[in-house]
Amino acid sequence: MKILIEQGKIVESRADAAVLFCFEDDLLSDAVWASLGESSRMLIRRMIDGGDVKGKDKEIHVIYLPESSAIGRIILVGLGKKKEADLERVRGAFALAAGRARSLKLRSIAISPEWCGSGAEAEVVAAAAVEGIELGLYQFTPFKTEKREDIHEIEELQIWCGKKRFLEEVGKAAKEAAIVAEAVLFARNLVSMPSNELTPRDMASEALDIATKRKSIRVDILDENKMKELGMNALLGVTRGSREEARFIIMEYRGIRGKEPPIVLIGKGLTFDSGGISLKPAENMEEMKTDMAGGAAVMGTVMAAADLKLPLHIVGLIPATENMPGGRAYKPGDILKTLSGLTVEVISTDAEGRLILADALYYAQSYKPAAMIDVATLTGACIVALGESVIGMMGTDEKLKQRLKTASEATGEKLWELPLWTEYYEAIKSDIADLKNVGGRPAGTITAGAFLSKFAGDYPWAHLDIAGPAWVKKDRPYIPKGASGVGVRLLIQMLKSWERME
Ligand code: BES
Ligand code: ZN
Ligand code: ZN
């Protein structure tokens with residue numbers, strides 16, 4: 001979607017529709033009235049007087065304007081009570097409006113961030129609009145071959161600023177939001193892709209493709225021989241049952257200050273998790289194509305960091321493999337010697353994520369990182385504990401966790417911290433190896449986190465379990481059901497404010 005920044009009143013736009021907001025306790029704010037022309041005011045006044053407009057959250061009206069007016073229609077969206085209309089609701093409202101515009105097969109929409117009436121700064125509203133609209137309109141269509149003519153995309157978003165002084169800031173915020181949205185959509189596309197179309201080798205090609213387009217990113221791909229040479233036996237153990245070769249993807253972005261110790265992001269890249277010999281039940285197994293959502297989020301984050309030219313040094317590590325029950329598959333009872341030297345007794349081959357992450361986390365230490373953060377669809381237990389829309393966070397460094405919490409509040413990607421008390425480590429002790437890969441049913445998310453912490457050394461480390469929010473089962477305001485791309489916005493927000501929080 002093309003984004004245009006214009007100066008003037010929204011009524012002057014020649015867009016097919018203009019989006020305006022109304023509130024339960026302030027139906028049309030003075031600001032919105034002021035942005036309208038005489039004829040639109042009259043029409044809306046009649047709707048209000050008739051009692052049609054209540055301003056409730058998610059209420060939507062399409063108002064056709066007379067032919068003399070430059071804009072075709074007004075899409076009026078309710079935001080509920082003024083004090084409840086936070087940014088998250090604003091993103092959702094823009095998505096709702098854009099969704100209606102798309103179903104009306106419109107080509108262009110116009111918005112006016114200064115006049116949205118939510119009280120937020122114009123550039124903040126502009127960013128929320130771009131996010132809400134781009135993310136809310138996402139559709140994954142490459143495999144639909146019938147009725148392709150019905151697939152409609154809005155081509156143009158016009159952002160109108162009344163005051164000249166807002167132009168630059170609004171333009172910058174919109175551009176940055178578009179970069180982040182593009183990265184989220186990239187991650188969603190990878191996650192939506194079925195495992196026969198996105199193998200570990202395909203993930204590696206995607207990473208190479210990102211680097212080809214950006215000078216500031218370098219990509220290195222380690223194949224299985226290289227992994228053997230290094231001693232990544234936990235990752236190799238998981239991969240044994242599959243006919244697809246594993247890849248260890250390394251993406252390195254250097255911005256200004258690119259010589260400083262990096263922030264290392266590690267993403268679980270299971271292109272398919274069948275459970276292996278500890279086979280998963282058939283029901284919903286197709287969802288396990290999404291078990292590389294952490295890897296996709298890391299790839300999207302590195303890509304956006306480069307496009308935003310963040311003044312940082314960032315490394316993305318993605319161990320990519322399938323987990324399959326082939327004849328050479330690793331088996332319950334097997335003992336694997338991880339890259340760190342620690343040995344792990346395999347209790348369940350379905351607890352494979354922590355095994356591949358163990359090697360990746362240990363590898364991350366070779367960068368002497370400023371911080372390391374792993375992102376993984378790690379445990380079903382996290383969905384039991386926190387629900388489908390919340391990230392489970394654990395970690396060893398208060399400051400790093402605080403950075404993530406702050407970013408979470410700004411982006412609406414909710415997270416909640418779980419403790420890593422010493423008691424939990426009892427559960428992952430093995431009788432015959434250093435560790436076992438399953439700590440039983442109680443606190444399954446935490447014992448998985450405790451297991452990972454054993455491979456993070458003394459570096460500031462945090463773990464994000466995205467098993468819940470990675471795949472959305474019911475439409476949310478600006479996340480259509482399916483792949484959410486969760487993690488990208490959170491991590492980018494944290495990275496954008498990295499220096500400010502030093
Ligand atoms: N990929 C799954 C976790 C998962 C489950 C993600 C549901 C998204 C939705 C992971 O590899 C797994 O299978 N974990 C096991 C661990 C258990 C064997 C200790 C689980 O959660 O059941
Ligand atoms: Zn599994
Ligand atoms: Zn898994």
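In each ligand, atom 1 is the first atom listed, and ligand 1 is the first ligand listed.
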Close-contact set for ligand 1 against [X] heavy atoms, below 4.0 Å:
X	value
Lys268	1 (N), 10 (C), 11 (O)
Arg354	16 (C), 19 (C)
Ala467	6 (C), 8 (C)
Glu352	11 (O)
Lys280	2 (C), 12 (C), 13 (O)

Begin from the C-alpha positions of Thr343 and Asp434 and carry the test side chain to side chain donor-acceptor pair (under 3.5 Å) through to its verdict.
-> CA-CA 5 Å; Thr343 54; Asp434 299 323; 3.1 Å; yes
Residue pair [X] / [Y], side-chain heavy-atom distance below 4.5 Å:
X	Y	result
Met232	Phe248	yes
Glu206	Phe186	yes
Ser242	Phe272	no

Polar atom proximity, Val438 to ligand 1 (N or O, under 3.5 Å) | no
Are any of the N or O atoms of Asp273 closer than 3.5 Å to those of ligand 1?
->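 Between Asp273 and ligand 1 (N or O atoms, distance only) the closest approach is under 3.5 Å.
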Could you walk me through whether Arg89 and Glu84 pass the salt bridge (Lys or Arg N to Asp or Glu O under 4.0 Å) check?
-> CA-CA 8 Å; Arg89 195 173 275 185; Glu84 289 167 8; 3.7 Å; yes
Would you kindly say whether Asn189 and Tyr138 are connected by a side-chain donor-acceptor distance under 3.5 Å?
->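 Looking only at side-chain atoms, Tyr138 and Asn189 do form a donor-acceptor pair, the distance falling under 3.5 Å.
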Compute whether any side-chain donor of one residue and acceptor of the other, for Asp202 and Thr199, lie under 3.5 angstrom apart.
->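 Per modelled atom types, Asp202 and Thr199 side chains form a pair under 3.5 Å.
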Any donor-acceptor pair under 3.5 Å from [X] side chain to [Y] backbone:
X	Y	result
Asn233	Lys337	yes
Thr396	Pro460	no
Asn437	Ala351	yes

Among all protein heavy atoms, pick the one closest to atom 20 (C) of ligand 1 and tell me residue, atom and distance.
->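 Looking at atom 20 (C) of ligand 1, the protein heavy atom closest to it is Gly380 N, 3.9 Å.
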Short check: any N/O/S atom of Asp273 below 2.8 Å from the Zn ion (ligand 3)?
->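 So Asp273 counts as coordinating the Zn ion (ligand 3), yes.
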For the Zn ion (ligand 3), decide whether Lys268 has an N, O or S atom at a distance under 2.8 Å.
-> yes
Minimum-distance N/O/S atom that Asp291 presents toward the Zn ion (ligand 3) =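 In Asp291, the heteroatom (N, O or S) nearest the Zn ion (ligand 3) is OD2.
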Quick one: do Asp291 and Lys268 satisfy salt bridge (Lys or Arg N to Asp or Glu O under 4.0 Å)? Show the steps, please.
-> CA-CA 7 Å; Asp291 211 19; Lys268 174 177 173 181; 3.1 Å; yes
Pick one of side chain, backbone, both or neither for how Leu378 approaches ligand 1, counting any non-hydrogen atom pair under 4.0 Å.
->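 Backbone only.
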Give the contacting part of Met288 toward ligand 1: side chain, backbone, both or neither, where contact means a heavy-atom distance below 4.0 Å.
->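 For Met288, the contact with ligand 1 is made by the side chain alone.
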Roughly, to 10 degrees, what angle do Glu352 atom OE1 and Asp350 atom O form around the Zn ion (ligand 2)?
->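 It is 70°, given to the nearest 10°.
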Out of Asn323, Ile347, Val384, Asp350, whose heavy atom sits nearest atom 15 (C) of ligand 1?
-> Asp350
Would you please determine whether Ser348 falls within less than 4.0 Å of ligand 1 on a heavy-atom basis?
-> yes
Please indicate, with yes or no, if any protein heavy atom is found under 4.0 Å from atom 22 (O) of ligand 1?
-> no
